[in-house]
Structures are given as structure tokens and as C-alpha cells.
Amino acid sequence: MNSKKKVVLVGAGFVGMSMAYSLLNQGGVDELILIDVNKDKAVGEEMDLSDGLPYSPHKMNIKAGDYDECKDANIVVITAGLAQKPGQSRLELAIENTKIVKEITKKVMENEFKGIFIVATNPVDLMSYVVLKTSKLPKAKVIGSGTVLDTARLRYLIGEYLKVSNKNVHAYILGEHGDSSLVPWEHCYIGCKKMMDIMKDNHLPMEDLEKIHNKVWNAAYEIIEKKKATYYGIGMALNRIIKAILNDENAILTVSTYQEGEYKQEGIYIGVPAIINKRGVKEILQLNLNEKDQEKFDKSCKIMRENIENEINNLLD
Ligand code: NAD
């Protein structure tokens with residue numbers, strides 16, 4: 001493996017380039033390779049992004065390139081594919097994006113890639129499964145961005161609601177990155193105090209919790225309605241996952257990861273808190289979900305399983 005920290009991005013669209021721009025600003029990556037089916041787009045993005053280098057606090061080699069660059073890359077990030085249109089759910093993208101993500105994964109693997117995949121293309125839980133099955137890599141090395149973005153949205157909204165720094169909000173979204181996600185409120189902390197206790201002690205209505213969650217899952221629809229796409233938040237979320245890997249952080253992030261009995265589920269990718277380090281997913285952090293939350297989680301997993309069985313598996317080799 002390269003001694004430099006090298007990331008290959010496949011899909012130089014809104015999401016991919018927001019991630020690239022945040023890497024340029026935050027640093028921590030030595031080489032960033034941009035691949036896109038639209039080669040001019042990748043070259044244009046290379047030129048535009050490189051113009052920012054003199055004002056970036058970090059050195060970074062940015063190049064439009066091809067799949068041979070994957071050989072010594074630490075991470076390949078996949079953000080290529082169709083995006084949601086107004087009113088469209090993420091699951092509606094599944095068939096078209098499976099074909100795209102499968103082809104990309106094959107090309108990456110043909111170039112002896114030994115690193116870690118991060119998948120953001122939607123529906124991300126299903127696309128992560130496609131990358132796992134196509135690459136045949138160990139599950140630790142295929143990570144979906146899962147509910148990392150949803151969790152950021154939740155933390156931001158709770159911070160605003162309680163007027164505390166979102167950095168002190170330890171709350172997590174589990175399940176599908178999509179309409180069937182859930183918040184295990186009993187496991188949410190503000191600093192060192194349980195969120196539920198804060199609600200009770202301050203006589204805040206418990207219905208507000210559901211309102212906050214509704215706002216989170218509705219956020220993508222609302223943003224897409226207003227500005228056609230969402231990209232800055234996911235760009236930062238992808239950057240966060242990359243840092244956790246490259247800095248060997250053992251950071252806890254709600255990524256989409258393959259289930260083998262954890263949370264009583266198996267054979268699917270779904271968002272759960274997991275410890276992320278240079279090897280990828282080190283371990284899934286298991287919560288004792290209450291009956292209601294486990295039911296919601298199971299429902300979310302059922303949707304994933306049905307999609308895999310009815311649609312995705314037919315498209316895999
Ligand atoms: P976009 O249309 O701006 O970019 C997609 C890029 O992929 C384009 O540049 C296109 O040329 C490229 N592409 C298409 N097929 C390709 C192929 N076979 N090989 C290489 N490149 C290819 O879309 P976007 O807004 O950047 O969204 C990208 C994906 O990210 C979508 O699926 C979207 O739903 C998803 N997304 C995920 C999250 C998340 O939280 N996981 C959040 C927002 C968007």
C-alpha cells in the first residue's frame with residue numbers, strides 16, 4: 001500500500017465534489033483521484049479544486065484519473081449514480097444504481113484494490129450490499145455512509161431544540177438511510193445526562209421527540225424540493241468516515257454495515273453504531289433496544305431484505 005494517504009472518488013457530482021471540497025479544507029489526504037464516466041467533468045473539477053490549493057492549509061495532489069489508480073489507494077468512495085428527484089424515494093433508485101455500482105466495483109477490483117470502500121450512492125444500504133457481494137471483500141472493508149448524515153441532522157436539531165452545542169448531543173439514528181429509520185431515544189445523552197430525563201425535568205412534551213425525528217427523515221425531501229439535491233451535509237459526513245479510517249480513530253459512527261446476527265438481523269446492510277478504524281468496521285456497538293425500537297428496526301431490515309430478495313440479487317452475478 002501507498003505510504004501516502006490516497007483516496008479515489010468515483011462520481012464527481014454534487015455529493016462527490018462536496019466531499020472533495022471538504023477534504024481540501026480539512027486536510028488529512030495526500031492524494032485525491034477523481035473518476036467520472038463524464039471525463040471532462042472530472043478534469044474540470046480537478047482544475048477548479050486545484051485552484052484552491054494555494055489557499056488551503058494542506059498540501060494535496062488532486063488528479064482526474066482512471067481505475068488503475070485504485071491499486072494503491074487506501075479508500076475508494078462511490079458517489080456515482082442517479083440521485084433522487086423531487087418526491088422520489090431513495091428505494092426507487094435501486095435498480096438503475098445497482099447496475100452502475102456493480103460495474104464500478106468490478107473495475108475497482110480488477111485493479112487489485114486492497115483498501116476500504118465507502119459507499120454513498122442511494123439507496124445506500126442496498127448499494128453497500130451490492131459492493132460487498134461484487135467485490136467479495138470482507139465485510140469490514142465495505143462501509144456504507146448509512147445514517148451518518150441522518151445522525152448529524154438529528155444532533156443539529158436536538159442542539160437547536162435544547163439550546164446546547166450539537167457537539168454535546170450523543171444521539172443516533174439507526175436503520176435504513178431513508179423513510180424507515182428510527183431514534184432509540186432511551187439511548188440519547190446530552191453531555192452526561194439522559195435526554196429523556198432532560199425532557200421530564202424541564203416538562204417538555206415527549207411528542208416533540210417524534211417531531212424532531214420527522215424533521216430528520218423529511219429533510220432530504222424538503223431540501224431536494226427547494227434546491228434539487230443534498231450534498232454539503234453528506235460531503236462532510238463522508239469526510240468524517242474517511243478521517244476515522246485514515247487516522248485509525250476507533251470512532252463510533254452510524255454507518256451501514258453487514259449484519260451477522262447483531263441486532264437479531266443478518267444478511268443485510270443497515271445503519272447501526274460501529275467502531276471505525278484503519279481496518280474499516282472493527283465492531284458493531286450493540287444497544288439493548290426496547291421492544292418498540294426493536295420492532296421498528298426489524299421493520300426497516302425487512303424492507304432491505306425484501307428489496308435484496310426481489311430486486312437486487314437478480315442483478316448480481
Ligand atoms: P450527481 O448527478 O451530481 O452526480 C453523480 C455523478 O456520477 C455524475 O457526475 C455522473 O456522471 C457520475 N456517474 C454516473 N454513472 C457513472 C459511472 N458508471 N461511473 C462513473 N461515474 C458515473 O448526483 P449527486 O447529487 O452527486 O448524488 C450522487 C448519489 O449520492 C445519488 O445516488 C444520491 O442519491 C446519493 N446521495 C447519498 C446521500 C447519503 O446520505 N448517502 C446523500 C445525498 C445523495
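Remember, it's 1-based here, ligands and their atoms both numbered in the order they're listed.
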Flag the pair [X] and [Y] as a salt bridge only when some basic side-chain nitrogen lies within less than 4.0 angstrom of an acidic carboxylate oxygen.
| X | Y | value |
| --- | --- | --- |
| R305 | E176 | no |
| E45 | K41 | yes |
| K4 | D72 | no |
| E222 | K215 | no |
| K163 | E160 | no |

Is the contact between [X] and ligand 1 made by the side chain, the backbone, both, or neither, using heavy atoms and a 4.0 Å cut-off?
| X | value |
| --- | --- |
| I100 | side chain |
| I35 | neither |
| V148 | neither |
| L149 | side chain |
| S145 | side chain |
| I234 | side chain |

Residue pair Y55 / N25, side-chain donor-acceptor N/O under 3.5 Å: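 No, because no side-chain N or O of Y55 sits under 3.5 Å from a partner of the opposite role on N25.
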Any donor-acceptor N or O pair under 3.5 Å, side chains N111, K107: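 No, because no side-chain N or O of N111 sits under 3.5 Å from a partner of the opposite role on K107.
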Please report whether ligand 1 has a polar contact with [X], defined as an N or O pair separated by less than 3.5 Å (distance criterion only).
| X | answer |
| --- | --- |
| V15 | yes |
| H177 | yes |
| I104 | no |
| A83 | no |

Whether over 12 other heavy atoms sit under 6.0 Å from K227 NZ: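 More than 12 within 6.0 Å, yes.
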Numbered atoms of ligand 1 (with element) below 4.0 Å of T121, judged on heavy atoms: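 Heavy-atom distances to T121 below 4.0 Å select 32 (O).
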